[in-house]
J.: 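I am attaching a structure below and will ask some questions about it afterwards.
We use all heavy atoms of the structure for the numbers below, so side chains are in, but hydrogens, waters and symmetry mates are not. Bear in mind that the values here come from a model prediction, so they are computed numbers and not experimental data. So you know, we letter chains A, B, ... as the sequences are listed, proteins then strands, and number each from 1.
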Amino acid sequence: MKAYLLFAKNTWNEIVTYRLNFVMWRVRNLLQLLTIYLLWATITSQSANIFGYSKSEMLTYILGVSFLTAVVMSSRTQEMGENINSGDLSIFLIRPINYFGYFLSRDLGDKAMNIVFSIAEISLVYLILKPPIFIQTNFVFLIFFIIGTTLALLLNFLIGSLLGMLGFWSPEIWAPRFLMYIVLGFLAGGSFPLDIFPKQIVNFLQLFPFTYLLYFPMKIYLGRVSSSEIFQGFLITLAWILVFYFSLLFIWNIGLKKFGAEGR
Amino acid sequence: MSRFFKIWWLLTSLSSQVALRSSFGAILFFVGKILRFGLFIAFILVLESKVKSIAGYSIWQMILFFSTFNLIDVTAQFLLREVYRFRSYIVRGEFDFILIKPLPPLFRSLFGGSDILDLPILILSIILIIISMTKVGDINLTNILLFLLLTINGLIIALAFHIFTLGIGILTTEVDNTIMLYRDLTQMARFPVDIYRQPAQSLLTFVIPVGIMITFPPKALLGLLSPILIIISLTLGVVFLYLSLRLWNFGLKHYQSASS
């Protein structure tokens, strides 16, 4: 356990070493937040209630999703494919550590730094623009929100790891990830709540794992889901986590048999 | 001029061969780019179904703005893709080889290989602009000519942004984040900058001129741009290009070839 904590700490230190890189990355995040926030601020100023959301709910969704993106989506799993392609995976295989545990620790270190900066950025936006904010006071919703976020975090880790495994079969590891970013950018609800789409589309999307990364936890925070919907959402998320977990183990074992440590 | 075109053609055909080497990767990039384009159009359609107009613009006007954004943004990406590779030239010392070749280093660093995978979006943007033009109502020849003039001006500003990036790259070795910062700034103009409140609107128009670069051409097409703003836009384009060339020359004078 100590070793994994150290991996997380090392990732934090790595980020601090390349400070300019990280600061530029966060400036980019702030710009992306402002773009989407200002768009929705304009739209919500035209009508008191849009797509069934009040102004404060919609702006809270946008700011909340920005925070959740730092918690859920920040990841280091893209390095897995690079490790496999460069042959560096062989170094990990001879170490007495769990490869996925190592990356989960790295993810946590990365997330910790992103969360700190994300809170600072959202506070800055809040102080300058003073948007109306919805504060959830129901303790039950808050607990479910934390559970939903934790499940989303695991789900994203497994999706990222599965994409990394493509490295066993192809040197082309960026193209699938690029496609995944595009899909997640829209279908995870990072720019708008998905229920602005017609109900049939939302019901269909809810069968897939993407909606449970950002949209579902944020809907819980806003208290816009019934207890049965929460239960159903958790059940689907858990099912996807199990499917991805066993797929990952299966693909990892096949991949290892194929791995030739080329490049090392 | 034809010599430069021949060299560009040669470098582009080489970089295209690299891009198409893996059909798996090329197909995924192609699908991803088309999907991103399509999903954003779907987003605009959904928005318009509820609010009827955004900042006073109708659905086809919004699609015109978005298509023009893509036209300028993707043309710049298509032609200037070499800028994205510039950091490795500086860090690994390969820039020295570019400097000693009988070809202007700025030309080589900007146009050293276009990205063929951007072409489908470019064609799609042009088609959507033409369709939008037929849908938005009265457009006369003067407006179309002004649109073309300001689109060229937008491309000049995009070129200047890329030259700035190269100059900063020589001085600091920082390229990737600068170019992605530029991309994020241009993303703010996927919608007309009029939707942003002041002072963001003025900042995006005159200080970081993505408004002039992307929002002004369709506004001219719709007849919503005053002559004074057109003159300011063209002047700013020239000034921006001049300043970027000054930074490039400054960077070249201070280049130390430290990595080679």
J.: First locate atom CE of Met24(A), then atom CE of Met180(B), and finally report the distance between them rounded to the nearest 0.5 Å.
T.: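 With rounding to 0.5 Å, CE (Met24(A)) is 11.0 Å from CE (Met180(B)).
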J.: Minimum heavy-atom separation for Asn177(B) and Arg28(A), please, with both atom names.
T.: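 Here Asn177(B) and Arg28(A) meet closest at O-CD, 4.5 Å.
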J.: With a 4.5 angstrom heavy-atom cut-off, which part of Thr172(B) approaches chain A: side chain, backbone, both or neither?
T.: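 Neither; nothing under 4.5 Å.
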J.: Residue by residue, which of residues 189-206 of chain A have a heavy atom closer than 4.5 Å to a heavy atom belonging to chain B?
T.: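 The list, in residue order, reads Phe192(A), Ile196(A), Phe197(A).
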J.: Answer yes or no: does atom CZ of Phe24(B) have more than 12 heavy-atom neighbours from other residues, nucleotides or ligands under 6.0 Å?
T.: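 Yes, enclosed.
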J.: Top residue by heavy-atom pair count (under 4.5 Å) with chain A, among Ile27(B), Asp176(B), Leu28(B)?
T.: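 So the answer, after comparing Ile27(B), Asp176(B), Leu28(B), is Leu28(B).
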J.: Taking side chain as everything from C-beta outward and backbone as N, CA, C, O, which of these in Phe191(B) sits under 4.5 Å from a heavy atom of chain A? Side chain, backbone, both or neither.
T.: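 Answer is side chain: those atoms of Phe191(B) sit under 4.5 Å from chain A.
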J.: Once rounded to the nearest 0.5 Å, what's the spacing between atom CZ of Arg183(B) and atom CG of Leu31(A)?
T.: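 Separation between the atoms: 13.5 Å.
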J.: Looking at Leu47(B), Val31(B), Leu204(B), which makes the most heavy-atom pairs under 4.5 Å with chain A?
T.: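 Ranked by heavy-atom pairs under 4.5 Å with chain A, first place is Leu47(B).
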J.: Under the side chain to side chain contact (heavy atoms under 4.5 Å, CB included) rule, what do Leu39(A) and Ile195(B) come out as? Steps first, then yes or no, please.
T.: CA-CA 7 Å; Leu39(A) 170 71; Ile195(B) 69 160; 3.4 Å; yes
J.: Among residues 165-177 of chain A, which ones touch chain B with a heavy-atom distance under 4.5 Å?
T.: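 If one takes a 4.5 Å heavy-atom cut-off, the residues of residues 165-177 of chain A near chain B are Ser170(A), Glu172(A), Trp174(A), Ala175(A), Pro176(A).
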J.: Given the rule in the side chain to side chain contact (heavy atoms under 4.5 Å, CB included) test, do Phe51(A) and Val46(B) qualify, once you have shown the distances and angles that lead to the verdict?
T.: CA-CA 10 Å; Phe51(A) 298 109; Val46(B) 170; 4.0 Å; yes
J.: Roughly how far apart are Leu33(A) CG and Asp184(B) CG, rounded to 0.5 Å?
T.: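 Those atoms lie 12.0 Å apart.
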J.: To the nearest 0.5 Å, what is the distance between CE on Met188(B) and CG on Leu34(A)?
T.: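 Nearest 0.5 Å value for the CE-CG distance: 5.5 Å.
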J.: Kindly compute the distance separating CG (Leu39(B)) from CD1 (Ile182(A)), expressed to the nearest 0.5 Å.
T.: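 Answer for the CG-CD1 pair, Leu39(B) versus Ile182(A), is 8.5 Å.
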